Each structure stands twice: as C-alpha cells, then as structure tokens.
Trainee: 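Here's a structure for you.
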Number of protein chains: 2
Amino acid sequence: MDMLEAEGAAGLGLRELARLVGVSAAAPYRHFDSKTSLLETLAITGYQRFSTMMGEAERDSPPERRIAMMGQAYVNFALANPNLFRLMFSPELKRDNRPGLRMAADAAFDTLRAVTAALPEGDKRIAALKAWAQVHGLAVLLLDGQIARRDGEDIEAMIAAVLADKTGSLGA
Amino acid sequence: MDMLEAEGAAGLGLRELARLVGVSAAAPYRHFDSKTSLLETLAITGYQRFSTMMGEAERDSPPERRIAMMGQAYVNFALANPNLFRLMFSPELKRDNRPGLRMAADAAFDTLRAVTAALPEGDKRIAALKAWAQVHGLAVLLLDGQIARRDGEDIEAMIAAVLADKTGSLGA
DNA sequence: ATATTTATGTGGTCACTGTTAACATGACGC
DNA sequence: GCGTCATGTTAACAGTGACCACATAAATAT
C-alpha cells in the first residue's frame, strides 16, 4: 500500500517490492497470481476504507447535512489516498471482471446510492448523477493538480464552498 | 495517435510503434527525445483539437446556451478520444514542466475561462470550479465506465439532462 | 561537380519489468 | 515418521525504454 501511494499503480513493481521486503523476485507469486491480482486486493481494501469513511460521514451528520458531508468525505478520501483512489476507478482493473472487486465496489457505492433518496424532487437519477459528477470531478481535478491552489487557501473550505454553491443549471 | 487511443499512454510502446511503422527500435529516437516527449506532442495536438472544438461550440451557440453547449462539447471530446483526454489531464506529463505543453494547455483552457464571466452572480471562482468539476466529473465517470448505461439510452441526451438539471446546492 | 553537413536509420547493449518452471526448505497434521 | 502444503529459492524468457557507435541518403554549401 505504501508503495502504491508512493509510486502509483504503474510504478509499483513486483521486483522492487520484493527487494524492499527482502525476498526474491519470484516470491510475490506465492501470494498473488499476478501484479493485477495484487492491485485488485489493494483496490478492495481501498473500497472498504472508502465505505467506512462514507458510512461515518453519514452517521455523524444530521440528515440535512448528510449529502454535503459525504461529498466532503469523498473528496477528502481522494486527496488522502490519491493513487489508491485512482486505482479504484481505473478501468483496467474493471476490465477483467474480478468478482471480488466488483462486490467490494458495489458495497462501497451502495452507501452512496442510499443518499439518492434524500435528493430534491425531480428526476432522481439525473440529480444523483449530477451530484456524483460534481464531487468526483472536484476530486479528480484536485488530484491531478489542475485546480490552481491560492496560497494559504483552506482547501477543505473551498471544497465546502463548491458543494454549497447554489448555482443550478448551466443553461438548458 | 491511433496507437495511443488503442493502447493507452502506458500501453503505447516505442518498440511496438516502430514495428508497426516498419523501422528499427531505435528509429523513434531520431524524432523524439524520449517516450515522454512523444506523449507530450500528442498531448499538445490534443489540446489544439480540444481548443478548436470548444471554440466552435462557443461561436455556434447563442449566448444563453453557450455554457451548456461547451459543456456538452467537453464531454463529447472526452468520449471521442478517451486516452488522449486522459493523457492531457495526466499529472505525469504535468510533472516535468514542459513549456510547450503548458502553453498549449493554457491556450485551451483560456476558452473555458472566458465563459466564466457569463456565469450567474456570486463568487465567480467557486461557480466556475463547480461547473468545471461537474463537466469534468461526468466525462471521467463515463470514460471509466462507472456510469451504468441503460440500454438504448441516448447518452448525449443524458449529458444534456445532467447539465440542465436545476438541482443547486447539495446542502450547506 | 565536389565536399560537407544534416536527417534518418541500423544493430547491439544495458538495466529494468512481469512471468514461469524446477527445485529446496521447513512447519503442521495424521 | 511421513506426506502435504506454504513459502521460499535460482534461472530463464520475453518484453520494455534508453542509449551508443556506426552507416547511409538527402540536402546544402563551396
């Protein structure tokens, strides 16, 4: 996990990992079928942590603040574990349908789906997609360093401001 | 470019590329300093195409529909060139400050920044970030196959619906 | 027309990667 | 004590980016 965060999924090498651990290059294959398999279990524990954080944000907030707090938790998780977050959403892993990964991902997103019901009236699915896109987009842009950070700016406050912003439609 | 779209930035190999072109493995180094340098020029032409599309969307739309149409163009570009889009936003390239890349990126995003002025009143920066996050998040989630597509659903219409949705704040 | 520089390509080398096969070792249950 | 199994080892294969010294063809200068 440390190595994933330090080097990214592509930079994580089984040989280098084995070297750090102090074993031979082939040793990791006694524990994981392949590098992909290692990444899969990393992603799964990522989903579990994510799930826990989202669940806590849900429990510890009054109903009317839940969505905002969960959005904040979503972005915070991404900022705290950039490469893990990227791995969790990478299509490469999703590609070869690993059932364990799929289950962990579904479990994690169920927490999100549950909040959909609390959204304002109208087309629930569209509103949910919009909220998700907003939060996910903010996370990804911050992660990739696309959003210029003004010096001394409180990032958490900025996130809260974006989520609380009342700007609605971008114009039909 | 074809190979980038087919294999992704990581899967694009200089040797395999040379093999396809029919030259030796070292030949590409007569044209590009490194693989990163190749990816850089790919990203630059990506920014140029992106810029063109956004400019067209701006010109061809009445002022009140501009933001929505540009948002749609943004997502369309991502869906039409997934791996190029990913490359353009990848932090790896951004890491080693290539001036050419930075210029192309700035030029492309200037078109976006210009629209900020047309946003509703309030904190312009926050509103702009929100709009950007929304559009970018939608693009990324679609790209990564995270948004389940209902059969027969018109994706363009779905995108338009999300962008037009009037849901404002997620709750302060 | 000749000489020279430049662009492009070649084969070979190095250090790295994921992966597999064949083989060793040591702990645990019967 | 014996066999099984988890875990390790070494050696090898094929692929990669990067780089080198060297060849050749084209463009340019004299």
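Bear in mind the structure is a predicted one, so any value in this text is a computation, not a measurement. Residue numbers begin at 1 in each chain, while the letters A, B, ... track the order of the sequences.
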Trainee: So if I define the base as every atom that isn't primed, P, OP1 or OP2, how would nucleotides 9-14 of chain C read as a B/S/- string at a heavy-atom cutoff under 4.0 Å?
Mentor: BBB-B-

Trainee: B/E40: which residues meet the salt bridge (Lys or Arg N to Asp or Glu O under 4.0 Å) condition with it, sequence neighbours left out?
Mentor: B/R98

Trainee: If only atom types and distance count, is the side chain of B/K130 paired as donor or acceptor with the main-chain N or O of A/D165 below 3.5 Å?
Mentor: yes

Trainee: If the test is side-chain contact (heavy atoms from CB on, under 4.5 Å), which one of B/T111, B/V135, B/V75 qualifies with B/M70?
Mentor: B/T111

Trainee: Does any residue of residues 4-12 of chain B have a heavy atom under 4.0 Å from DNA chain D, and if so, which ones, in number order?
Mentor: B/L12

Trainee: Separation of A/E16 atom CD from C/dT17 atom C1', in whole Å?
Mentor: 11 Å

Trainee: Between which nucleotides of DNA chain D, 5' to 3', does chain B make heavy-atom contacts below 4.0 Å?
Mentor: D/dT16 to D/dA21

Trainee: Rounded to the Å, how far apart are A/Y29 OH and C/dT19 C1'?
Mentor: 5 Å

Trainee: Tell me which residues in residues 82-99 of chain B put a heavy atom below 4.0 Å from DNA chain D, sorted by number, or none.
Mentor: none

Trainee: When B/H136 is tested against each of B/F77, B/F109, B/F85 for ring pair (Phe, Tyr, Trp, His ring centres under 6.0 Å), which residue passes?
Mentor: B/F85

Trainee: What about B/M103 and B/F50, same hydrophobic cluster or not, with Ile/Leu/Val/Met/Phe/Trp/Tyr joined at side-chain heavy-atom distances under 4.5 Å?
Mentor: no

Trainee: For A/Q134, is there any backbone N or O sitting under 3.5 Å from a side-chain donor or acceptor partner on B/Q134?
Mentor: no

Trainee: Considering only heavy atoms from C-beta outward, does the side chain of B/P62 approach that of B/R65 to under 4.5 Å?
Mentor: yes

Trainee: Whether A/D123 and B/K166 form a salt bridge (side-chain N of Lys/Arg under 4.0 Å from carboxylate O of Asp/Glu) is what I want to check.
Mentor: no

Trainee: Has B/R66 got a side-chain atom pairing as donor or acceptor with B/E58's backbone, closer than 3.5 angstrom?
Mentor: yes

Trainee: Is a side-chain donor or acceptor of A/E153 paired with a backbone partner of A/M158 at a separation under 3.5 angstrom?
Mentor: no

Trainee: Can you tell me if B/Q72 uses its side chain to pair, donor with acceptor, with the backbone of B/E156 under 3.5 Å?
Mentor: yes

Trainee: Hey, does the side chain of A/K94 reach the backbone of A/M88 with a donor-acceptor pair shorter than 3.5 angstrom?
Mentor: no

Trainee: Who passes salt bridge (Lys or Arg N to Asp or Glu O under 4.0 Å) against A/D110, sequence neighbours left out?
Mentor: A/R113

